[in-house]
**Q** 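Below: one structure in structure tokens.
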2 protein chains.
Amino acid sequence: MMTLTEENYLKALFHLSTENEEVSVLDLSKSLAIKMPTVNSMVKKLSGKGLISYEKYKPLMLTQSGKRAAGLIIRKHRLVEMFLVQHLGFGWDEVHEIAEQIEHIKSQRFFDRIDQLLDFPKVDPHGSPIPDTNGEIVFQNYIKLEECVENQNIVFMSVGSSQDSFLKLIDRLNLKLGDKIKVLEIQEFDKTMRVLVNEAIEQNLSQMVAANILVRI
Amino acid sequence: MMTLTEENYLKALFHLSTENEEVSVLDLSKSLAIKMPTVNSMVKKLSGKGLISYEKYKPLMLTQSGKRAAGLIIRKHRLVEMFLVQHLGFGWDEVHEIAEQIEHIKSQRFFDRIDQLLDFPKVDPHGSPIPDTNGEIVFQNYIKLEECVENQNIVFMSVGSSQDSFLKLIDRLNLKLGDKIKVLEIQEFDKTMRVLVNEAIEQNLSQMVAANILVRI
DNA sequence: CTAAAATGTTAGAATAGTCTAACAAAAAAT
DNA sequence: ATTTTTTGTTAGACTATTCTAACATTTTAG
Ligand SMILES: [Mn+2]
Ligand SMILES: [Mn+2]
Ligand SMILES: [Mn+2]
Ligand SMILES: [Mn+2]
């Protein structure tokens, strides 16, 4: 049985590993806001449990078993987020904190029932994929809106950041996952994009916003 | 902020206080399955926080503030149990363990939403009262079926034990909260009761079972 | 290719929660 | 009224998780 603490370390390492080629003790330390020596000893402990493969001064890596464990926790996290939005009426900017806690509940059945209640969703409220019952994630290859060109038609599928302020901004812009977007114009000067949403409303999006809007063609 | 551990101590003390006139360190120790010296030091700690009033060698008592805190945790526990039964399809014998964990989630809003989703229930799946938002419990004065007499008509309102085996037995007997019961006959020899349920089915209930069926007249 | 900076590790201490062993007080039994 | 039993307390130790300070290694810069 893993502790809540161990689960959070694994999850953080998993996320860092998908974002970066190599993950250092310092990366993990920053990501968890826990000092390096603490991370160092926990890494050794998880290495002892066969979840992290660790060699002194080398980048950190999850073992196969560690990947699976992390995937299963992320599965729980995302199922819970989906449940909170769909059944308890929370906004997508309010669910992460709560899911961060509920993901550690020890009851396979509890999460199975939520999965069932949600009709086996494939993505969470932020458009991130929900790992399967083996902890396996199917990564979608979305592109950033930022990389699109004028006159391109795409669909808003996921967000690149789950920061509160970003999600609230997207809400204020009345953008929702699934919206059809057409790039009307890109400003030479600051890369601001003028887009048409659902063939109805025009919006101006800064490059920073466009960089965090993930779309499929 | 209270820790999960502290919350469990408070809750246990609250429950013991409603069942017994006086609660000893040993009672609390047994109820939590934690050794006396550990309980002793935690009691001192909670006394320091103004939640328990403690004097050496004297019975343990919750302060006003401790009662309120315990009531609020029990509220969360029972709301969660109700939610698990009504929305996730769990049996009333399966929910306690999960509620024992979820009751510690730090999010007022989460429990408010569950309360709302359940349409502000007043009792949990076992017929126990759900404390109000101030942690206040309104105790119903139900009597034990055991104490009823022949030909008396009563209604099954709550269970006196939440033991797995007892709840499963009640299920197997097809008894549900709200059922109308008429006492047909009480055996002189072993106090076994013959009852009529919902004017339809006859059942034999041992005294031990009858002692844990709480009814209103 | 050294020197400085960044990163990583070890050592030692702190807190929360638990335990066992030993001692103390209160309650019960004789 | 003692003695015995039960209950309660203290002392000291252990594990998990965290920290700071000091030292070591690796990486980067000049
Ligand atoms: Mn999240
Ligand atoms: Mn978490
Ligand atoms: Mn319960
Ligand atoms: Mn609990």
Side-chain angles (χ1 to χ4, degrees), chain A residues 1-14 16-17 19-62 66 69-70 73 100-101 103-106, chain B residues 1-14 16-17 19-62 66 69-70 73 100-101 103-106:
Chain A
M1 186 88 343
M2 253 183 304
T3 65
L4 177 152
T5 307
E6 290 172 340
E7 290 186 343
N8 284 337
Y9 274 84
L10 281 191
K11 202 156 58 90
L13 179 50
F14 185 99
L16 289 169
S17 301
E19 291 155 18
N20 311 280
E21 197 51 47
E22 300 197 329
V23 180
S24 64
V25 174
L26 185 64
D27 294 334
L28 194 47
S29 165
K30 280 176 182 159
S31 147
L32 289 164
I34 288 173
K35 294 293 190 297
M36 273 211 287
T38 308
V39 171
N40 182 274
S41 64
M42 182 57 86
V43 160
K44 286 196 227 168
K45 182 176 167 192
L46 291 171
S47 164
K49 291 194 176 193
L51 297 163
I52 293 180
S53 71
Y54 167 73
E55 285 176 88
K56 269 191 186 183
Y57 302 106
K58 294 275 163 62
L60 304 176
M61 282 202 310
L62 286 170
I73 304 158
E100 200 56 52
Q101 299 174 64
E103 68 189 358
H104 305 290
I105 298 295
K106 299 313 188 225
Chain B
M1 186 88 343
M2 252 182 304
T3 65
L4 178 151
T5 306
E6 291 172 339
E7 290 187 342
N8 284 337
Y9 274 82
L10 281 192
K11 201 156 59 90
L13 179 50
F14 185 100
L16 289 170
S17 301
E19 291 155 18
N20 310 280
E21 197 51 48
E22 300 198 330
V23 180
S24 65
V25 173
L26 185 63
D27 293 334
L28 194 47
S29 165
K30 279 176 182 159
S31 148
L32 290 163
I34 287 174
K35 293 295 190 296
M36 272 211 287
T38 308
V39 171
N40 182 275
S41 63
M42 181 57 85
V43 160
K44 286 195 226 167
K45 181 176 166 193
L46 291 171
S47 163
K49 291 195 176 192
L51 297 164
I52 292 181
S53 71
Y54 167 72
E55 286 177 88
K56 270 191 184 181
Y57 302 107
K58 295 275 163 60
L60 304 176
M61 283 201 310
L62 286 170
I73 304 158
E100 201 55 53
Q101 299 174 64
E103 67 188 359
H104 305 290
I105 297 298
K106 297 318 187 221

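Chain naming here is simple, since letters A, B, ... match the order of the sequence lines and numbering starts at 1 in each. What you see below is based on every heavy atom in this structure, not just the backbone, and it leaves out hydrogens, waters and symmetry mates.
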**Q** I want to check one thing: is the phosphate of dG8(D), taken as OP1 and OP2, less than 4.0 Å away from some side-chain N or O of Asn40(B)?
**A**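 No, because none of the side-chain N or O atoms of Asn40(B) sits under 4.0 Å from OP1 or OP2 of dG8(D).
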**Q** With a 3.5 Å cut-off and no angle check, do the side chains of Ser24(B) and Asp27(B) form a donor-acceptor pair?
**A** yes
**Q** Summarise how protein sits on nucleotides 12-19 of chain C as a single string, 5' to 3': B when a protein heavy atom is under 4.0 Å from the base, S for sugar-phosphate-only contact, - for no contact.
**A** ----SSBB
**Q** Indicate whether OP1 or OP2 belonging to dT9(D) is found under 4.0 Å from a side-chain N or O atom of Lys44(B).
**A**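 For dT9(D), neither OP1 nor OP2 has a side-chain N or O of Lys44(B) closer than 4.0 Å.
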**Q** Name the closest nucleotide to the Lys56(B) side chain, picking from dT10(D), dT7(C), dG8(D).
**A**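 Of all the options, the side chain of Lys56(B) is nearest to dT10(D).
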**Q** Using five pairs at each end of the helix from dC1(C)-dG30(D) to dT30(C)-dA1(D) to define an axis, what is the angle between those two axes, to 10°?
**A**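 If I round to tens, the end axes sit 0° apart.
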**Q** Can you check the Glu55(A) CD to dT25(D) P distance for me, whole Å?
**A** 16 Å
**Q** Could you state the CG-C1' distance from Leu16(A) to dT7(C), rounded to the nearest angstrom?
**A**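 Taking atom C1' of dT7(C) as the reference, CG of Leu16(A) is at 16 Å.
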**Q** Report the distance from atom CD of Glu22(A) to atom P of dA6(C), rounded to the nearest whole Å.
**A** 19 Å
**Q** Got a donor-acceptor contact below 3.5 angstrom from the Ser17(A) side chain to the Leu13(A) backbone?
**A**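 Side chain of Ser17(A) to backbone of Leu13(A), a donor-acceptor pair under 3.5 Å: yes, one is there.
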**Q** In this structure, how many angstroms lie between the P atom of dT7(C) and the CG atom of Leu28(A), rounded?
**A** 14 Å
**Q** Would you find more than 12 non-hydrogen atoms of other residues, nucleotides or ligands less than 6.0 Å from Met61(A) atom CE?
**A** no
**Q** Does a side-chain N or O from Tyr57(A) land closer than 4.0 Å to OP1 or OP2 of dT10(C), or not?
**A**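 Tyr57(A) to dT10(C) OP1/OP2: no side-chain N or O under 4.0 Å.
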**Q** Just wondering, do Glu100(B) and Glu103(B) contact through their side chains at under 4.5 Å, heavy atoms?
**A** yes
**Q** Is any side-chain heavy atom of Ile34(B) closer than 4.5 Å to a side-chain heavy atom of Met42(B)?
**A**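 SC-SC contact between Ile34(B) and Met42(B) ruled out.
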